[in-house]
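My structure is below; once you've seen it, I'll send some questions.
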Amino acid sequence: QVNLVESGGGLVQPGGSLRLSCAASGLTISILNYAVDWFRQAPGKEREFVASISLSADTARYSDSVRGRFTISADNAKNTVYLQMNSLKFEDTAVYYCAARRSTYTYTPGDVYAYWGQGTQVTVSS
């Protein structure tokens, strides 16, 4: 079994930066067997895909709304995936979740997740 814990959320001003972490524990196989995705959900809105990383291929995928501003990365030795968020906008305000799949591929719609974190709040406000 795997547990995921997000951290790093908080209050930032527009144009600011924040780095989220998704720490995995309870791994009995290498983290390289997983793909890890970030999602976000704002009040009254549907869950939205943000970014994805295949840890075996070390490839990444981003939603159009964050591409060029956000970067997903991993420290495999620490079993941790990061989401570096730059040039933050008001519309980035949401609860951010990480989720893991046994996969060698980055996210495609319809993917099913075995593990979810509890989320971390990101608020962008002036």
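Start at 1 with the first residue, then count along the sequence. What you are looking at is a predicted structure, and each value in this text was computed from that prediction instead of being measured. Excluded from the calculations below are hydrogen atoms, water molecules and symmetry mates; all remaining heavy atoms, backbone and side chain alike, are included.
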Side-chain atoms of residues 5-13: list all donor-acceptor pairs with protein atoms under 3.5 Å, sequence neighbours left out, distances to 0.1 Å.
unit_1, atom_1, unit_2, atom_2, d
E6, OE1, Q118, N, 2.8
E6, OE1, G119, N, 2.8
E6, OE2, C98, N, 2.8
E6, OE2, G119, N, 3.3

### Query
Looking at CH2 of W116 and OH of Y97, how far apart are the two atoms once the value is rounded to the nearest 0.5 Å?
8.5 Å

### Query
Does the side chain of S65 come within less than 4.5 Å of E48's, by heavy atoms?
yes

### Message
Could you check whether any side-chain N or O of R67 sits under 3.5 Å from a backbone N or O of Y62, counting only pairs where one atom can act as donor and the other as acceptor?
### Response
yes

### Message
What I'd like to find out is whether the side chain of F49 reaches to under 4.5 Å of the side chain of P109, using heavy atoms alone.
### Response
no

### Message
Any heavy-atom pair between the side chains of I53 and T59 that's under 4.5 Å?
### Response
no

### Query
Side chains of V66 and R40: does their closest heavy-atom pair fall under 4.5 Å?
yes

### Task
Check step by step if side-chain contact (heavy atoms from CB on, under 4.5 Å) holds for D111 and Y105.
CA-CA 10 Å; D111 279 343; Y105 300 100; over 6 Å; no

## Note on the structure
Smallest heavy-atom separation, A42 atom then A94 atom, equals N-CB, 3.8 Å

### Message
Check this for me: does any side-chain nitrogen of one of R69 and D92 sit under 4.0 Å from a carboxylate oxygen of the other?
### Response
yes

What donor-acceptor contacts under 3.5 angstrom involve side-chain atoms of residues 15-36, with partners at least two apart or in another chain?
unit_1, atom_1, unit_2, atom_2, d
S17, OG, N86, OD1, 2.8
S30, OG, L32, N, 3.0
N33, ND2, S30, O, 2.9

### Query
Checking side-chain contact (heavy atoms from CB on, under 4.5 Å) for the pair D37/Y113: CA distance, chi angles, key distance, verdict?
CA-CA 9 Å; D37 304 338; Y113 299 89; 2.4 Å; yes

### Query
Checking S125 side chain against T123 main chain: does a donor-acceptor pair fall under 3.5 Å?
no

### Message
A side-chain contact here means heavy atoms from C-beta on lying under 4.5 Å apart; do L83 and M85 qualify?
### Response
yes

### Side-chain touch Y107/F39, heavy atoms, less than 4.5 angstrom
yes

### Task
Answer yes if F70 and I72 sit in the same cluster of Ile, Leu, Val, Met, Phe, Trp and Tyr residues linked by side chain heavy atoms under 4.5 Å apart, and no otherwise.
yes

### Task
State, yes or no, whether a side-chain contact exists between V50 and Y96 at a heavy-atom distance under 4.5 Å.
yes

#### Entry: Check: S54/S56 side-chain N/O donor and acceptor closer than 3.5 Å
yes

